[in-house]
2 protein chains.
Amino acid sequence: MFASLAQNLAAPHPNAIFAAAFVNTADLPRRVAPPAMHFAQDSSIYEEGDTATCFYRVVSGVVRTCRFTADGRRHIDAFYAAGDVFGFEIGTEHGFSAEAVTSCALVAIRRRGAEEGAARDEGSAMQLFGYAMRQLERARAHSQLLGRCSAAQKMAAFLLECEAGGAGSTIELPMTRQDIADYLGLTIETVSRSLAQLEKSGVITLRTARLILVRNRGALQDMSA
Amino acid sequence: MFASLAQNLAAPHPNAIFAAAFVNTADLPRRVAPPAMHFAQDSSIYEEGDTATCFYRVVSGVVRTCRFTADGRRHIDAFYAAGDVFGFEIGTEHGFSAEAVTSCALVAIRRRGAEEGAARDEGSAMQLFGYAMRQLERARAHSQLLGRCSAAQKMAAFLLECEAGGAGSTIELPMTRQDIADYLGLTIETVSRSLAQLEKSGVITLRTARLILVRNRGALQDMSA
DNA sequence: CGGATTGTTGATTACTTTCAACAATGGTGG
DNA sequence: CCACCATTGTTGAAAGTAATCAACAATCCG
């Protein structure tokens with residue numbers, strides 16, 4: 001799910017109408033954001049309810065954004081990897097918590113700084129718009145996945161998202177089964193069983209619990225389509 | 001679900017950082033978009049794959065955006081009512097279809113026009129950004145609903161969304177049970193049963209299938225929380 | 001090596017879907 | 001105005017999927 005997004009951010013934007021605004025994608029953060037911040041695995045980047053002063057660009061590692069229901073169940077909204085920008089939220093308070101799935105390095109982009117950048121040239125504003133749109137696209141796709149798909153289909157789609165970020169057909173999962181379950185709206189047992197079933201049917205091989213070899217990518221695509 | 005959003009769009013934006021940009025919310029569409037377009041009930045506004053040239057502001061009526069899975073199941077992404085702006089998508093093609101749930105009146109906002117507006121003053125760009133952010137917020141909340149909630153919880157949350165758009169505690173549903181089912185990731189039978197259960201427990205009264213009286217709003221809030 | 005965490009597997013339960021029949025509603029034409 | 005027909009909505013019974021409860025295995029650290 002990860003690098004594909006990062007590539008998109010760096011490449012010329014596919015939307016012709018807004019394309020011109022996206023050419024020098026790297027300018028905004030370089031201009032306003034100095035050195036990277038480091039977070040240890042499982043540490044909090046910000047909490048739900050914190051004052052939202054920044055967006056964040058992931059330099060390395062993986063981040064999850066999450067929220068809890070009243071009955072204490074966790075919902076993971078998204079995972080972010082190198083190149084992704086997260087922290088887009090309405091209002092002055094974060095509606096989600098952000099946590100480091102792995103140890104990670106982030107560059108903070110101050111909102112006010114971004115606003116001033118936007119005031120100086122509309123390229124920055126359009127860039128922010130594009131980041132937000134990309135998040136929107138992901139959120140919508142995820143809604144469809146959660147609303148209309150079986151456990152097996154969710155797992156297949158998830159593996160394809162992950163594979164897009166890795167090298168070749170080997171997937172190294174940075175997150176726990178609990179993370180996956182809370183992202184896909186399943187339980188850890190169902191995640192485990194779905195993976196076992198995929199392995200039994202020869203679609204994947206579990207070299208370890210976190211290291212997955214994709215043997216039949218087409219089958220995954222057929223399942224998740 | 002509807003008017004609450006429309007109110008937010010008209011009111012000063014809660015995000016202090018971007019607030020200044022949101023003050024004269026109605027300017028952009030008035031400037032570039034002349035008279036309203038009318039669509040009959042169940043007619044198509046645009047189809048998945050169509051070239052995306054416009055955003056649309058709903059003047060009256062209700063619109064749904066939807067998409068189909070490979071196996072033919074429909075997923076409704078969102079409903080839009082008066083004041084809402086829809087059609088925010090990445091790329092030059094619509095990824096969703098938009099259809100008139102009721103007969104409705106829309107004002108088209110040409111993307112290129114909006115872009116030129118954005119180039120002239122950053123207020124327009126920020127306004128677009130704000131619309132996109134609001135869609136993002138809704139999509140995320142919907143993901144959480146679909147991923148972590150039971151049928152009863154989904155129905156309770158849906159009724160509260162709808163109630164926000166109606167007068168008092170009477171909800172007139174503009175959409176069919178199939179629409180509701182495809183929005184909540186359920187079947188029409190489960191939607192029907194969930195409503196029947198809510199009525200039996202005294203939380204609502206079904207005056208007709210489409211006209212619902214909320215008797216115990218607190219109970220709905222407790223369920224959906 | 002030992003203990004805690006993480007992941008897997010089995011049995012049972014609960015919830016939602018599916019299949020089926022029926023009821024209510026709304027629009028149309030006689 | 002009423003009857004008819006198509007659409008929409010409801011309800012029941014059976015089946016299927018995922019959740020829950022429980023035990024165990026593997027892995028990771030110190």
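Each chain gets a letter, A, B and so on, in the order its sequence line appears, and its residues count up from 1. Quick caveat: nothing in here was measured; it's all calculated off a predicted structure.
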Roughly how many Å is it from [atom1] in [X] to [atom2] in [N], rounded to a whole number?
{"X": "L186(B)", "N": "dT17(D)", "atom1": "CG", "atom2": "C1'", "answer": "15 Å"}
{"X": "E199(B)", "N": "dG9(D)", "atom1": "CD", "atom2": "P", "answer": "15 Å"}
{"X": "Q178(B)", "N": "dT25(C)", "atom1": "CD", "atom2": "P", "answer": "20 Å"}
{"X": "R148(A)", "N": "dA18(D)", "atom1": "CZ", "atom2": "P", "answer": "14 Å"}
{"X": "E189(A)", "N": "dA11(C)", "atom1": "CD", "atom2": "P", "answer": "15 Å"}
{"X": "M155(B)", "N": "dT10(D)", "atom1": "CE", "atom2": "P", "answer": "10 Å"}
{"X": "R207(B)", "N": "dT25(C)", "atom1": "CZ", "atom2": "P", "answer": "13 Å"}
{"X": "L206(A)", "N": "dT9(C)", "atom1": "CG", "atom2": "C1'", "answer": "14 Å"}

Run the salt-bridge test on R177(B) and D182(B) with the 4.0 Å N-O cut-off and return the result as yes or no.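 Result for this pair is no, no salt bridge flagged.
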
With a 4.0 Å cut-off, would you call R210(B) and E172(B) a salt bridge? no

Reckon L195(B) touches a base, only the sugar-phosphate, or nothing at all at heavy-atom distances under 4.0 Å?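 No contact at all - L195(B) keeps every heavy atom at 4.0 Å or more from the nucleic acid.
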
Does S150(A) reach a base, just sugar-phosphate, or nothing at all? Heavy atoms under 4.0 Å.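 Since only primed, P, OP1 and OP2 atoms lie under 4.0 Å of S150(A), the category is sugar-phosphate.
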
Counting side-chain heavy atoms from CB outward, which of dT11(D), dG9(D), dT9(C) is closest to R210(B)?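 Nearest listed nucleotide: dG9(D).
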
Any [X] side-chain nitrogen or oxygen under 4.0 Å from OP1 or OP2 of [N]:
{"X": "T190(A)", "N": "dA19(D)", "answer": "yes"}
{"X": "T187(A)", "N": "dA19(D)", "answer": "yes"}
{"X": "R193(A)", "N": "dA18(D)", "answer": "no"}

Is it the case that the side chains of E89(B) and H94(B) hold a donor-acceptor pair, with the cut-off being a distance below 3.5 Å and no angle test? yes

Distance-only donor-acceptor check, side chains Q178(B) and Y183(B), under 3.5 Å: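 No - no donor-acceptor pair under 3.5 Å links their side chains.
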
When you match T208(B) and T208(A) each to their closest nucleotide on DNA chain D, which lands nearer the 5' end?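 So the residue in question is T208(B).
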
Would you kindly check if the NZ (Lys) or CZ (Arg) of R67(B) is within the cone defined by 45 degrees around the ring axis of F96(B) and under 6.0 Å from the six-membered ring centre? yes

